[in-house]
Amino acid sequence: ILMLFSIVTTVAAQETSDEIINTFFETYEKEPLEAVDYVFSTNEWMDRNKDAVENLKTQLSSYLRLVGDYYGYEKITEKSVGESYKLISYMSKYERQPIRFTFVLYKGKDRWQVQNFKFDDNIDDELEESGKVQFLKENWN
């Protein structure tokens, strides 16, 4: 039993930020609201904020009724501060429009946890803005 416990502990401690996100999307494909629960289960401090998690799940459920069939996901960007704090953003593709999921992950000692998680549908606004900024930069050269 002790040996089994040490193997399980080692595997859990080795979970990478990518593994957390992959597990999220594998769960999301079948049960989106369970995927939200999973993300917050990586951070023991989130137990203190159950109302916010339930509110987020209610909002997501409302979005999902409006966007149609799910077609997968794509990474948008990844930014980090040092080696232990990162933001990773993904676009979930739907029939009607995409939804962006943003994960902020933190590794305090030896394991990654989700520090913050949110979603929105403002991808087109940011794409349009980035196009304007890029256009201005090209004219300065």
Side-chain angles (χ1 to χ4, degrees), residues 1 3-141:
I1 292 173
M3 191 167 111
L4 179 62
F5 177 75
S6 101
I7 292 170
V8 170
T9 303
T10 304
V11 171
Q14 293 176 347
E15 189 170 45
T16 66
S17 57
D18 288 340
E19 288 171 334
I20 290 172
I21 291 172
N22 289 341
T23 300
F24 168 81
F25 280 111
E26 287 170 7
T27 306
Y28 184 84
E29 188 173 332
K30 298 171 189 137
E31 294 293 334
L33 301 183
E34 284 182 26
V36 173
D37 286 334
Y38 163 73
V39 159
F40 287 115
S41 76
T42 66
N43 185 336
E44 66 185 53
W45 296 95
M46 288 301 180
D47 274 348
R48 299 176 187 188
N49 206 359
K50 288 183 181 184
D51 289 341
V53 173
E54 288 304 315
N55 187 26
L56 185 70
K57 287 168 51 178
T58 300
Q59 291 173 359
L60 179 59
S61 184
S62 295
Y63 262 71
L64 296 179
R65 286 191 286 268
L66 301 174
V67 293
D69 293 336
Y70 174 69
Y71 298 131
Y73 64 97
E74 299 174 8
K75 184 185 258 187
I76 298 172
T77 191
E78 181 173 335
K79 305 289 183 190
S80 63
V81 177
E83 296 178 11
S84 300
Y85 201 64
K86 63 174 79 173
L87 176 141
I88 308 174
S89 183
Y90 283 83
M91 174 180 64
S92 288
K93 302 184 303 181
Y94 284 90
E95 185 176 8
R96 180 174 173 234
Q97 71 184 57
I99 295 176
R100 175 180 37 203
F101 289 105
T102 304
F103 303 82
V104 176
L105 298 118
Y106 175 62
K107 182 178 177 182
K109 183 177 178 184
D110 60 356
R111 73 175 189 84
W112 285 96
Q113 65 186 23
V114 174
Q115 201 70 6
N116 192 6
F117 170 78
K118 61 184 176 179
F119 70 92
D120 65 78
D121 65 351
N122 299 325
I123 298 172
D124 55 339
D125 294 339
E126 290 184 22
L127 183 60
E128 200 172 303
E129 280 301 311
S130 72
K132 291 176 186 176
V133 171
Q134 184 62 32
F135 177 72
L136 290 173
K137 287 181 180 179
E138 287 175 0
N139 286 331
W140 289 345
N141 293 333

Minimum heavy-atom separation for [X] and [Y], please, with both atom names.
X: L64; Y: Y28; value: CD2-OH, 3.3 Å
X: G68; Y: Y94; value: O-CD2, 3.4 Å
X: K86; Y: S80; value: CB-CB, 3.9 Å

List the atom pairs, donor and acceptor, that lie under 3.5 Å between side-chain atoms in residues 98-109 and the rest of the protein, sequence neighbours left out.
{"from": "R100", "atom 1": "NE", "to": "D120", "atom 2": "OD1", "distance (Å)": "3.3"}
{"from": "R100", "atom 1": "NE", "to": "D120", "atom 2": "OD2", "distance (Å)": "3.2"}
{"from": "R100", "atom 1": "NH1", "to": "E126", "atom 2": "OE1", "distance (Å)": "2.9"}
{"from": "R100", "atom 1": "NH1", "to": "E126", "atom 2": "OE2", "distance (Å)": "3.4"}
{"from": "R100", "atom 1": "NH2", "to": "D120", "atom 2": "OD1", "distance (Å)": "2.8"}
{"from": "R100", "atom 1": "NH2", "to": "D120", "atom 2": "OD2", "distance (Å)": "3.3"}
{"from": "R100", "atom 1": "NH2", "to": "E126", "atom 2": "OE2", "distance (Å)": "3.0"}

Take atom [atom1] of [X] as the centre, draw a 6.0 Å sphere, and report whether it contains more than 12 heavy atoms from other residues, nucleotides or ligands.
X: E95; atom1: CD; answer: yes
X: E78; atom1: CD; answer: yes
X: D124; atom1: CG; answer: yes
X: K118; atom1: NZ; answer: no

Quick check for you: to the nearest 0.5 Å, what is the distance between [X] atom [atom1] and [Y] atom [atom2]?
X: D37; Y: K50; atom1: CG; atom2: NZ; value: 10.0 Å
X: Q97; Y: D121; atom1: CD; atom2: CG; value: 5.0 Å
X: T27; Y: L33; atom1: OG1; atom2: CG; value: 12.0 Å
X: Y70; Y: K93; atom1: OH; atom2: NZ; value: 9.0 Å
X: L60; Y: N55; atom1: CG; atom2: CG; value: 11.5 Å
X: E34; Y: S41; atom1: CD; atom2: OG; value: 11.0 Å

So, do [X] and [Y] sit near enough that their side-chain heavy atoms are less than 4.5 Å apart?
X: Y38; Y: I20; value: yes
X: F117; Y: L56; value: yes
X: Y85; Y: Q115; value: yes

> Quick check, are the ring centers of Y90 and F25 under 6.0 angstrom apart?
Replying inline: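 Close enough - the centres of the two rings lie under 6.0 Å apart.
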
>> Between N43 and V114 (side chain of the first, backbone of the second, donor and acceptor by atom type, cut-off under 3.5 Å), is there such a pair?
In response: yes

>> Donor-acceptor check, side chain of S61 to backbone of K57, threshold 3.5 angstrom: yes or no?
In response: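 Here the side-chain-to-backbone pair does not exist.
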
